[in-house]
Amino acid sequence: MYKKLLAVVMCICLLSFVGCSKKTDTLSVDNGDEPEAPSSPTETVKSVVNPLTGLSDISADKADDRAVAIMVNNISIAQPVQNGLDKADIVYETEVEGGITRLMAVYQDVSRVERIGSVRSARYPYVDLAMGHNAIYVHHGQDPIYCAPHLKDTDDVTLSEKNYGARIKNGLASEHTLYAYGDRLWQGLVNDGWKTANSNASAWQSFAPEGTQVSLSAAAGSVTVPFSASYKTTMNYDAATGTYIRSFNGTVRKDYTSGNTENFKNVFVLLTTIRDYPDGKHRQVFLTSGSGYYFVNGTYTQINWSKGNASDSIKFTNTDGTPLTVNAGNSWVCIADMNTSQPIIG
């Protein structure tokens with residue numbers, strides 16, 4: 001009997017010792033609730049579908065954030081020092097003035113892009129394009145006549161070396177040296193109280209299931225868009241990667257820092273009316289509706305497109321009016337004049 005009693009006492013003491021040890025290892029919390037178990041070092045964050053690409057490549061919290069749209073310098077002398085275009089979910093290109101184009105790179109998760117730029121000033125059609133994604137619009141300056149009044153319709157951020165950006169020496173004049181750092185930019189937006197949550201993070205297009213390869217009616221090894229006599233964007237299909245690689249006037253463009261080519265799964269050429277504003281300098285781009293072409297996987301087809309209001313996203317349809325099925329992946333969108341910039345398909 002004594003031995004049995006002694007065994008019971010020893011068990012009670014042992015359990016008390018274990019309980020005390022566990023308690024001393026537990027972090028205290030103010031509300032008295034049990035803390036969550038720490039994540040395992042090998043635990044991975046679950047990826048969800050990126051609404052801009054249809055690819056499962058972002059974390060769940062980023063899918064519900066607003067996209068960020070950044071104006072990127074595309075004047076020919078600054079193209080060799082461009083950063084971050086190869087990481088963009090969507091890039092828009094259209095005319096601005098003097099026969100040149102400018103780019104707007106859109107990112108669902110800008111924080112994972114090291115450097116973007118160089119950053120230049122805003123133009124009216126890009127405000128509409130950014131609004132169509134409910135994106136925070138980042139630029140450095142603006143056309144004061146036509147664009148400046150339109151900026152009040154959206155959340156726009158003027159980037160400077162004192163405000164989320166930095167001047168980087170790249171051998172060019174100062175106007176071509178301003179870059180955004182993705183993580184610094186996003187943290188600055190959050191810390192400064194910008195509205196960063198997206199209440200309607202619906203898919204940009206009707207994407208095919210991830211892993212499905214869309215094939216269209218005709219072959220297209222390349223497409224060239226002659227925006228002007230001196231500005232021709234070419235997308236050459238690379239069968240090894242299943243993407244189109246961007247060239248400018250015959251020169252393959254690469255990221256300034258990494259040296260990576262700019263590969264895009266989808267290429268759109270949207271035709272519309274583009275004409276001079278009354279000042280005879282800046283270009284007015286009509287973004288209501290029109291015809292165009294869709295290129296993917298070395299094939300292409302004719303499409304129709306429409307936008308409607310400034311806050312509406314561009315939508316693509318087949319020529320019979322049914323929704324266009326878009327391959328999951330990133331996209332380059334050229335918006336060109338239907339009278340002077342018909343694409344050359346090779």
Side-chain angles (χ1 to χ4, degrees), residues 49-55 67 69 88-95 101 103-108 125-135 198 200-220 222-225 227 233 235 237 242-244 246 263-274 285-338 341-345:
V49 174
N50 182 336
L52 299 183
T53 66
L55 296 174
D89 295 322
I90 305 170
V91 175
Y92 290 96
E93 179 178 15
T94 194
E95 296 181 51
T101 65
L103 309 177
M104 187 179 78
V106 187
Y107 305 88
Q108 183 61 38
Y126 293 103
V127 179
D128 279 4
L129 293 168
M131 289 176 66
H133 293 288
N134 190 26
N198 190 2
N200 183 23
S202 57
W204 176 51
Q205 299 298 330
S206 299
F207 290 110
E210 192 169 354
T212 301
Q213 297 301 309
V214 173
S215 183
L216 304 174
S217 56
S222 67
V223 55
T224 297
V225 182
F227 287 100
T233 293
M235 293 293 191
Y237 182 63
T243 61
Y244 289 84
R246 176 201 176 208
N263 296 52
F264 287 81
K265 187 66 180 180
N266 305 298
V267 176
F268 297 91
V269 180
L270 311 184
L271 300 174
T272 188
T273 297
I274 301 179
V285 181
F286 288 80
L287 293 175
T288 51
S289 62
S291 61
Y293 299 86
Y294 171 43
F295 300 82
V296 67
N297 295 320
T299 64
Y300 82 102
T301 190
Q302 290 185 291
I303 62 171
N304 292 326
W305 65 274
S306 61
K307 188 178 190 311
N309 296 322
S311 58
D312 294 333
S313 179
I314 290 178
K315 291 301 179 184
F316 305 126
T317 65
N318 297 297
T319 54
D320 64 3
T322 58
L324 178 72
T325 299
V326 176
N327 209 115
N330 58 350
S331 300
W332 189 284
V333 184
C334 296
I335 303 174
D337 185 78
M338 62 182 176
S341 303
Q342 285 284 338
I344 303 165
I345 301 170

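- Residue Ser202 comes nearest to Pro51 through the heavy atom pair O-CB, 3.5 Å, listed as atom of the first residue, atom of the second, then distance.
- In terms of the side chain to side chain contact (heavy atoms under 4.5 Å, CB included) criterion, residue partners of Thr273 (sequence neighbours excluded) are, by chain and number, Phe286, Met338.
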Worked check of side-chain contact (heavy atoms from CB on, under 4.5 Å) between Arg246 and Trp332
CA-CA 9 Å; Arg246 176 201 176 208; Trp332 189 284; 3.5 Å; yes
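- In this structure, Phe207 has no ring-ring contact (aromatic ring centres under 6.0 Å, His included) partners at least two apart in sequence or on a different chain.
- With sequence neighbours left out, Thr101 forms a side chain to side chain donor-acceptor pair (under 3.5 Å) with Asn74, Glu93.
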Could you give me the CA-CA distance, side-chain angles and deciding distance for Ile90 and His133, then say whether side-chain contact (heavy atoms from CB on, under 4.5 Å) is met?
CA-CA 11 Å; Ile90 305 170; His133 293 288; 3.6 Å; yes
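- Listed by chain and number, the residues in a ring-ring contact (aromatic ring centres under 6.0 Å, His included) with Trp305 amount to none (sequence neighbours excluded).
- Pairs passing the side chain to side chain donor-acceptor pair (under 3.5 Å) check and including a residue from residues 309-320, sequence neighbours excluded, read Trp204-Ser313, Asn318-Thr322, Asp320-Thr322.
- Ala218 is linked by a side chain to side chain contact (heavy atoms under 4.5 Å, CB included) to Tyr300, counting only residues two or more places apart in sequence or in another chain.
- Remark: side-chain polar atoms of Asn297 are not paired, donor with acceptor, to backbone N or O of Ser215 under 3.5 angstrom.
- Side-chain atoms of Asp128 do not come within 3.5 Å of backbone N or O of Ala310 as any donor-acceptor pair.
- Applying the side chain to side chain contact (heavy atoms under 4.5 Å, CB included) criterion to Val285, with sequence neighbours excluded, gives Thr94, Pro125, Thr272, Ile274, Leu287, Ile335.
- With sequence neighbours left out, Asn304 forms a side chain to side chain donor-acceptor pair (under 3.5 Å) with no residue at all.
- What you find for Glu95 and Ser341 is that their closest heavy atoms are OE2-OG, 4.5 Å.
- For Tyr126, there are no side chain to side chain donor-acceptor pair (under 3.5 Å) partners two or more places apart in sequence or in a different chain.
- Partners of Gln205 according to the side chain to side chain donor-acceptor pair (under 3.5 Å) rule, which considers only residues two or more places apart in sequence or in another chain, do not exist here.
- Scanning for ring-ring contact (aromatic ring centres under 6.0 Å, His included) contacts around Tyr107 gives an empty result, with sequence neighbours left out.
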Yes or no on side-chain contact (heavy atoms from CB on, under 4.5 Å) for Leu129 and Ile314, after CA distance, side-chain angles and deciding distance?
CA-CA 8 Å; Leu129 293 168; Ile314 290 178; 3.8 Å; yes
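- By the ring-ring contact (aromatic ring centres under 6.0 Å, His included) test, Phe268 pairs with Tyr294, Phe316, sequence neighbours left out.
- Between Val296 and Asn266, the closest side-chain pair of non-hydrogen atoms falls below 4.5 Å.
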